[in-house]
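What follows is one structure encoded as structure tokens, with my remarks underneath.
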Amino acid sequence: MWIMIAGPYGTGANTDTDREANLLALNRAAYQVFRKGHVPVIGVNMALPVIQAAGSQVYDSVMMPLSLALADRCDAILRIGGLSRGADDEVDRVRARGGHVYLSVEEIPDVSRAD
């Protein structure tokens, strides 16, 4: 499955260090999802390079629209971390289409093959 990892990035982050810590938590969860045999995707990882190329003034017009478009293409979503309206919106998108919503990595089926 393609599984989106959703959690706080900017919410509650007062510094670049806070945002980096939030992104690291998303990426660590993505690695765990990958180890279970799925394709993890993170909206922030897709949006940030676009924002960097276009300039920070486009942040609001790129971050959530791109993240939500990605959520529309995922089979499931893993919701991690604390408060985040954006992450909740991503969950709502996946849930509305009947996609799986996981609240922990342990809930995700392991489809990896041991070699």
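FYI, side chains are in, hydrogens and waters are out, and symmetry mates aren't considered; it's all heavy atoms of this structure.
- When all heavy atoms of Gly43 and Met4 are compared, the closest pair comes out as N-CE, 3.9 Å.
- A distance-only check finds a donor-acceptor pair linking the side chain of Ser61 to the backbone of Val58 [under 3.5 Å].
- In this structure, Arg79 contributes its side chain and Ser104 its backbone to no donor-acceptor pair below 3.5 Å.
- Within 6.0 Å of CG on Leu24 lie more than 12 heavy atoms contributed by other residues, nucleotides or ligands.
- Nearest heavy atoms, Gly7 versus Ser84: O-OG, 3.9 Å.
- Atom CD of Gln52 is surrounded by 12 or fewer heavy atoms from other residues, nucleotides or ligands within 6.0 Å.
- Of the possible polar contacts, none joining the Glu106 side chain to the Leu103 backbone as a donor-acceptor pair under 3.5 Å is found.
- Under the 4.5 Å side-chain criterion, counting only non-hydrogen atoms from C-beta, Val105 is in contact with Lys36.
- Taking hydrophobic clusters as Ile, Leu, Val, Met, Phe, Trp and Tyr residues chained together by side-chain heavy-atom distances below 4.5 Å, Val50 shares a cluster with Leu70.
- Remark: Arg93 engages Asp72 in a salt bridge, criterion side-chain N to carboxylate O under 4.0 Å.
- With respect to Arg19 and Asp16, a salt bridge is recorded, a charged nitrogen being found less than 4.0 Å from a carboxylate O.
- At a threshold of 4.5 Å between non-hydrogen side-chain atoms, the residues Ile5 and Val33 count as touching.
- Interatomic distance, CG of Asp18 versus OG1 of Thr15, reported as 3.5 Å (0.5 Å rounding).
- Within the 4.5 Å cutoff, no side-chain heavy atoms of His100 are placed close to those of Asp75.
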Residue pair Trp2, Val41: steps toward the side-chain contact (heavy atoms from CB on, under 4.5 Å) verdict: CA-CA 7 Å; Trp2 281 50; Val41 294; 3.8 Å; yes

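- Rounding to the nearest 0.5 angstrom, the gap separating the OG1 atom in Thr11 from the CG atom in Leu83 is 8.0 Å.
- At a threshold of 4.5 Å between non-hydrogen side-chain atoms, the residues Cys74 and Ile3 do not count as touching.
- From Leu66, atom CG reaches atom CG of Leu48 across 10.0 Å, with rounding to the nearest 0.5 Å.
- Ile80 contributes atom CD1, which lies 8.5 Å from atom CG of Asn22 (distance to the nearest 0.5 angstrom).
- Pro8 and Leu26 make their closest contact through O-CD1, 4.1 Å (heavy atoms, listed as atom of the first residue, atom of the second, distance).
- Taking hydrophobic clusters as Ile, Leu, Val, Met, Phe, Trp and Tyr residues chained together by side-chain heavy-atom distances below 4.5 Å, Val101 shares a cluster with Ile108.
- Here the shortest heavy-atom pairing between Arg73 and Ala69 reads NH1-O, 2.7 Å.
- Between the CG atom in Asn27 and the CD atom in Gln32 there is a gap of 11.5 Å [rounded to 0.5 Å].
- The main-chain N or O of Met1 is found under 3.5 Å from a side-chain atom of His38 such that the two form a donor-acceptor pair.
- Residues Tyr102 and Ile77 have side chains not in contact (no heavy-atom distance under 4.5 Å, counting atoms from C-beta outward).
- The two residues Leu23 and Asn45 have their closest heavy-atom pair at CD1-OD1, 3.3 Å.
- For the pair Asp110 and Arg35, the salt-bridge criterion is not met [side-chain N within less than 4.0 Å of a carboxylate O].
- To the nearest 0.5 Å, atom CG of residue Leu68 and atom CG of residue Asp89 are 6.0 Å apart.
- Counting heavy-atom neighbours within 6.0 Å of Met46 CE, excluding the residue itself, gives a total of 12 or less.
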